[in-house]
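In what follows, a single structure is set out as structure tokens and then discussed.
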Number of protein chains: 2
Amino acid sequence: MNIGDVARMSGLPAKTIRYYEDIGLVEPMRSGNGYRSFRESDLHKLAFLGRARSLGFTIDECRNLMQLYADKDRASSDVKQIAKGHLQRIDAKIEELTQMRETLSHLIRACAGDNRPDCPILSDLASLPDQKKPA
Amino acid sequence: MNIGDVARMSGLPAKTIRYYEDIGLVEPMRSGNGYRSFRESDLHKLAFLGRARSLGFTIDECRNLMQLYADKDRASSDVKQIAKGHLQRIDAKIEELTQMRETLSHLIRACAGDNRPDCPILSDLASLPDQKKPA
DNA sequence: GTAGGGCTTCCACCAACTGGAAGGTCAAGA
DNA sequence: TCTTGACCTTCCAGTTGGTGGAAGCCCTAC
């Protein structure tokens with residue numbers, strides 16, 4: 001299979017696939033004309049990567065997960081551990097965004113949004129953090 | 001004030017402040033020894049930037065917001081517009097993360113997490129997207 | 001032979017910093 | 001006076017995960 005084929009089948013852009021080869025995530029063979037030649041197993045890996053990335057795993061985590069996938073003697077606890085760590089990151093991010101959302105929507109509600117210059121959003125942004133000038 | 005002073009007072013790392021100067025967000029003066037010399041107004045801008053960034057506004061949005069802040073003839077609707085756009089982005093991100101969280105926590109619950117190799121997390125990742133091989 | 005698609009490499013760029021090296025400045029202490 | 005240490009300077013490189021584009025093969029069809 002050429003890169004266009006696996007791109008279509010994996011749902012990943014060809015550019016991304018070349019990038020994944022660059023960083024050693026897949027190692028397709030080469031045809032006589034220099035084209036990459038993907039095996040079934042490469043396609044499989046790419047699909048794995050696409051799915052893992054879509055769940056937000058980092059490239060490094062993907063690397064680890066693929067290793068575990070390849071290792072028939074793995075312990076599922078190792079996989080679960082990675083997933084749990086990732087879940088925690090997601091939770092932290094959601095928390096952070098929710099906090100932003102809170103503040104921001106509060107400010108938006110308070111802003112008249114008319115043609116006058118007074119604006120609680122700007123007032124908030126302009127407020128200094130609780131620290132004072134140097135002596 | 002030297003960079004260390006405004007760093008402490010604004011809560012921003014000195015490196016970040018230099019970077020902000022690089023991209024034209026602040027323009028501190030220079031002392032005879034080559035050190036940056038920050039005015040009160042620079043500190044104010046930096047605090048503004050720090051606050052806006054902490055709410056997740058992009059640097060470009062910060063630029064616009066600072067311009068509006070400086071413009072005494074601004075319409076608060078312009079500010080509100082920027083904030084609303086940003087809120088939408090936040091909502092989209094939260095939505096995306098929540099979806100990931102959903103899938104992931106589901107998989108984690110399904111995984112035994114013991115020393116056996118069977119793992120629904122890996123099984124899910126390994127599933128191909130709904131597309132078939134080429135003709 | 002030429003037009004088109006697909007493929008190749010390489011280089012640059014995105015956001016928003018962060019780390020580190022090499023070196024100048026300044027105030028205090030021995 | 002010298003030195004130590006905390007500041008400060010610039011510049012270069014790296015981070016994450018790709019994306020865009022240029023220049024140039026390859027292959028098939030017409």
Side-chain angles (χ1 to χ4, degrees), chain A residues 1-38 42 45-46 48-66 85-86 89-90 93 96-97 100 134-135, chain B residues 1-38 42 45-46 48-66 85-86 89-90 93 96-97 100 134-135:
Chain A
M1 291 178 284
N2 282 349
I3 199 167
D5 302 318
V6 285
R8 266 183 300 281
M9 287 185 283
S10 68
L12 293 171
K15 275 238 139 158
T16 299
I17 295 173
R18 288 195 198 96
Y19 171 67
Y20 285 171
E21 183 187 12
D22 252 30
I23 63 176
L25 288 175
V26 280
E27 291 174 307
M29 323 202 61
R30 294 288 174 147
S31 311
N33 58 9
Y35 286 18
R36 287 171 183 80
S37 177
F38 295 83
D42 295 318
K45 276 189 187 179
L46 289 171
F48 188 102
L49 286 166
R51 177 75 178 138
R53 291 287 300 127
S54 81
L55 286 179
F57 285 104
T58 65
I59 291 285
D60 242 38
E61 285 166 337
C62 290
R63 227 182 275 273
N64 292 334
L65 288 169
M66 288 214 311
H86 178 39
R89 272 210 331 271
I90 289 180
K93 195 76 195 165
E96 186 191 343
L97 287 171
M100 283 181 189
Chain B
M1 290 178 285
N2 282 349
I3 199 167
D5 301 318
V6 287
R8 267 182 300 281
M9 287 185 283
S10 68
L12 294 171
K15 274 242 140 154
T16 300
I17 296 173
R18 289 195 197 95
Y19 170 67
Y20 285 172
E21 182 187 12
D22 253 29
I23 62 175
L25 287 175
V26 280
E27 290 174 309
M29 322 201 62
R30 293 290 174 143
S31 311
N33 57 10
Y35 286 17
R36 288 173 183 79
S37 176
F38 295 82
D42 294 318
K45 276 189 187 178
L46 290 171
F48 188 103
L49 285 167
R51 177 74 177 138
R53 290 288 300 127
S54 82
L55 286 177
F57 286 104
T58 64
I59 293 284
D60 243 37
E61 285 166 336
C62 289
R63 227 183 275 274
N64 292 333
L65 288 170
M66 287 214 311
H86 178 41
R89 271 210 331 269
I90 289 179
K93 194 76 197 164
E96 186 192 341
L97 287 171
M100 284 181 189

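In what follows, chains are A, B, ... by sequence order, proteins preceding strands, each numbered from 1. On a predicted model such as this, the values are computed, not experimentally measured, just so you know. Side chains are part of it too, since the values below use all heavy atoms of this structure and drop only hydrogens, waters and symmetry mates.
The Asn33(B) side chain lies nearest to dT25(C) when the options are dT10(D), dT18(C), dT25(C). Here the side chain of Tyr20(B) is nearest to one of dG18(D), dC17(C), dT10(D), namely dC17(C). Taking only side-chain atoms of Ile3(B), from C-beta outward, the nucleotide of dG17(D), dT8(C), dC8(D) with the closest atom is dC8(D).
Distances shorter than 4.0 Å separate none of the side-chain N or O atoms of Arg30(A) from OP1 or OP2 on dC26(D). Dashed line: the shortest gap from a side-chain N or O of Thr16(B) to OP1 or OP2 of dA16(C) is not under 4.0 Å. Taking only side-chain nitrogens and oxygens, Arg36(A) comes nearer than 4.0 Å to OP1 or OP2 of dT9(C). The side chain of Arg53(A) places an N or O atom within less than 4.0 Å of a non-bridging phosphate oxygen (OP1 or OP2) of dG18(D). Put simply, Tyr35(A) has no side-chain N or O that comes within less than 4.0 Å of OP1 or OP2 on dC27(D). Note on Thr58(A): every side-chain N or O is 4.0 Å or more away from OP1 and OP2 of dT16(D).
In this structure, Arg18(B) places its CZ atom 7 Å from C1' of dT9(D), rounding to the nearest Å. Distance CG (Asp22(B)) to P (dT10(D)): 9 Å, rounded to an integer number of Å. Taking atom CZ of residue Arg8(A) and atom C1' of nucleotide dG5(C), one finds them 11 Å apart after rounding to whole Å. Nucleotide dG18(D) holds its P atom 8 Å from the CG atom of Leu12(A), rounded to whole Å. Per the geometry, CG belonging to Asp60(A) stands 8 Å off P belonging to dG17(D), to the nearest Å. Note: CG (Asn2(B)) to P (dG24(C)) measures 19 Å, nearest angstrom. What separates CD1 of Ile23(A) from P of dG18(D) is a distance of 8 Å, to the nearest Å. Rounded to whole angstrom, the span from the OH atom of Tyr19(A) across to the P atom of dC13(C) amounts to 18 Å.
The two residues Cys62(B) and Ala52(B) make their nearest non-hydrogen contact at SG-CB, 3.7 Å. For the residue pair Phe57(B) and His86(B), the shortest heavy atom distance occurs at N-NE2, 3.4 Å.
Toward the 5′ end of DNA chain D lies the nearest nucleotide of Glu21(B), the other residue of the pair Glu21(B) and Pro13(A) mapping further downstream.
Scanning atom types as modelled, no donor and acceptor separated by under 3.5 angstrom connect the side chain of Lys15(A) and the base of dG17(D).
Between the side chain of Asn2(A) and the main chain of Gly4(A), no donor-acceptor pair closer than 3.5 Å is present.
Electrostatic pairing of Glu21(B) and Arg18(B) does not count as a salt bridge here, judged by no charged N lying under 4.0 Å from a carboxylate O.
Each of Ile17(B), Thr16(B), Leu49(B) was evaluated against Ser10(B); a single residue qualifies, Ile17(B), per the side-chain contact (heavy atoms from CB on, under 4.5 Å) test.
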